[in-house]
Number of protein chains: 2
Amino acid sequence: MAEPWHEELRARGYRVTPQRQLVLEAVTALRHGTPEEICTEVQRTARGVNISTIYRTLELLEQLGLVKHTHLGHKPPTYHLATEADHVHLVCRGCGEVYDVTPAVAKGLVDVLEQEYGFETDVQHLTVYGRCRDCRTT
Amino acid sequence: MAEPWHEELRARGYRVTPQRQLVLEAVTALRHGTPEEICTEVQRTARGVNISTIYRTLELLEQLGLVKHTHLGHKPPTYHLATEADHVHLVCRGCGEVYDVTPAVAKGLVDVLEQEYGFETDVQHLTVYGRCRDCRTT
DNA sequence: TTTATTGCAAAACGTTTGCAGAATT
DNA sequence: AATTCTGCAAACGTTTTGCAATAAA
């Protein structure tokens with residue numbers, strides 16, 4: 001149980017709690033979970049955990065650089081592990097599925113924006129809406 | 001005052017009201033306004049207009065294809081005219097500025113997603129986060 | 001023992017809804 | 001006159017906050 005981020009927490013004066021471990025596990029398991037979904041997942045193990053603890057924990061974990069969030073359409077923000085390989089999100093309007101693809105797909109875009117506008121793209125936060133292969137044929 | 005969309009409205013059994021005109025004007029003026037901002041803008045001319053009317057009107061205007069909305073980061077959805085040339089949004093994390101650029105910048109991305117994943121990109125809804133030229137040098 | 005963290009309840013925020021009165025047709 | 005539209009107030013779902021009790025250090 002001596003996970004590396006435990007020391008990280010203590011070093012900064014924070015404490016390691018069951019709730020914090022469970023939230024991190026839920027984020028890992030769900031891959032793209034909203035706070036609500038993460039709460040439900042956590043409560044499968046520990047019923048008493050309150051939604052406000054989920055919010056506070058997510059904020060802390062994000063601040064520590066352990067998780068990140070993205071905005072996928074209308075829905076509440078979704079959280080994922082920061083240690084996951086960087087990826088671009090493809091959101092299908094048909095089925096709502098979220099696909100992770102390599103940031104390499106955005107190379108052309110990134111280069112153009114850099115050259116033409118002097119704009120530095122945050123590729124990790126890129127979300128592309130559209131229709132996936134399955135939903136186009138259906 | 002015989003604007004083309006007036007007939008469009010009446011033809012569908014809707015009515016032309018001052019509120020609806022004001023909302024459309026506010027959307028035009030603000031370029032990327034949230035419902036709240038649009039409400040404030042409208043109220044500069046007509047004080048009594050209620051926020052719920054703003055929401056209902058935006059929904060209607062969007063349904064009629066006169067306006068569109070996009071999700072720009074944390075903030076509530078922002079609305080813009082549908083008749084504006086299609087564009088990709090660049091959102092600067094530094095100053096919060098929203099830039100509109102030609103969809104052509106996304107050609108490389110669109111092609112790769114099409115070929116590699118069979119994914120049909122909705123370019124008009126593409127938002128890219130990053131840092132603009134000004135904020136990079138500052 | 002100290003003090004960060006939690007659960008709870010209440011507040012805050014953006015958005016939606018029901019309804020009676022006002023306005024457009 | 002008929003019916004859509006508006007303003008108001010209340011409800012809603014999500015997120016934040018204050019606080020006393022709990023638990024990690």
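A note on names: the letters A, B, ... follow the listed sequences, proteins ahead of strands, and every chain is numbered from 1. No hydrogens, no waters, no symmetry mates; every other heavy atom, side chains included, goes into these values.
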With sequence neighbours excluded, what pairs up with R10(A) under the side-chain hydrogen bond (donor to acceptor under 3.5 Å, both in side chains) test?
E7(A)

How many whole angstroms separate atom NE2 of H71(A) from atom C1' of dT15(D)?
13 Å

Please determine whether a side-chain nitrogen or oxygen atom of Q19(A) lies at a distance below 4.0 Å from atom OP1 or OP2 of dG7(C).
yes

Tell me the bend of the helix from dT1(C)-dA25(D) to dT25(C)-dA1(D) as the angle between end helix axes, each from five pairs, rounded to the nearest 10 degrees.
30°

Could I get the full list of salt bridge (charged side-chain N to carboxylate O under 4.0 Å, His left out) partners for R136(A), not counting sequence neighbours?
E114(B)

Once salt bridge (charged side-chain N to carboxylate O under 4.0 Å, His left out) is applied, what residue pairs with a partner in residues 118-131 of chain A remain, sequence neighbours excluded?
D122(A)-R93(B)

Which pairs with one or both residues in residues 50-62 of chain A pass salt bridge (charged side-chain N to carboxylate O under 4.0 Å, His left out), sequence neighbours excluded?
none

Which pairs, with at least one residue in residues 35-69 of chain A and sequence neighbours excluded, count as a ring-ring contact (aromatic ring centres under 6.0 Å, His included)?
H69(A)-H71(A), H69(A)-Y79(A), H69(A)-H74(B)

If you check the R20(A) side chain, which of dT6(C), dT14(D), dG14(C) turns out closest?
dT6(C)

Could you tell me how far apart R12(B) (CZ) and dT4(D) (P) are, to the nearest whole angstrom?
16 Å

Of P35(B) and L60(A), the one whose closest DNA chain C nucleotide lies more 5':
L60(A)

Can you measure H74(B) atom NE2 to dC13(C) atom P for me and round it to whole angstrom units?
17 Å

Please determine whether side-chain contact (heavy atoms from CB on, under 4.5 Å) holds for the pair L66(B) and T83(B), giving the CA-CA distance in whole Å, both sets of side-chain angles, and the decisive distance to 0.1 Å.
CA-CA 7 Å; L66(B) 292 170; T83(B) 54; 5.7 Å; no

Using a 4.0 Å heavy-atom cut-off to protein, can you give one letter per nucleotide of nucleotides 17-25 of chain C, 5' to 3': B if the base is in contact, S if only the sugar-phosphate is, - if neither?
BB----BBS

What orientation do H87(B) and H80(B) show, parallel under 30°, tilted 30 to 60°, or perpendicular over 60°?
tilted

What pairs with V112(A) under side chain to side chain contact (heavy atoms under 4.5 Å, CB included), at least two apart in sequence or on another chain?
E116(A), V105(B)

Atom CD of E37(A) to atom P of dT15(D): distance rounded to whole Å?
11 Å

When rounded to whole Å, the CD1 to P distance for the pair I51(A) and dT5(C) reads 19 Å

Whole angstrom value for the distance that separates C1' of dA4(C) from CD of Q63(A)
14 Å

What's the CD-C1' distance between Q43(A) and dT6(C), to the nearest Å?
14 Å

Which whole-number value in Å describes the distance from E36(B) CD to dT16(C) P?
13 Å

Sorted by chain and residue number, the side-chain hydrogen bond (donor to acceptor under 3.5 Å, both in side chains) partners of Y14(B) (sequence neighbours excluded) come out as Q63(B)

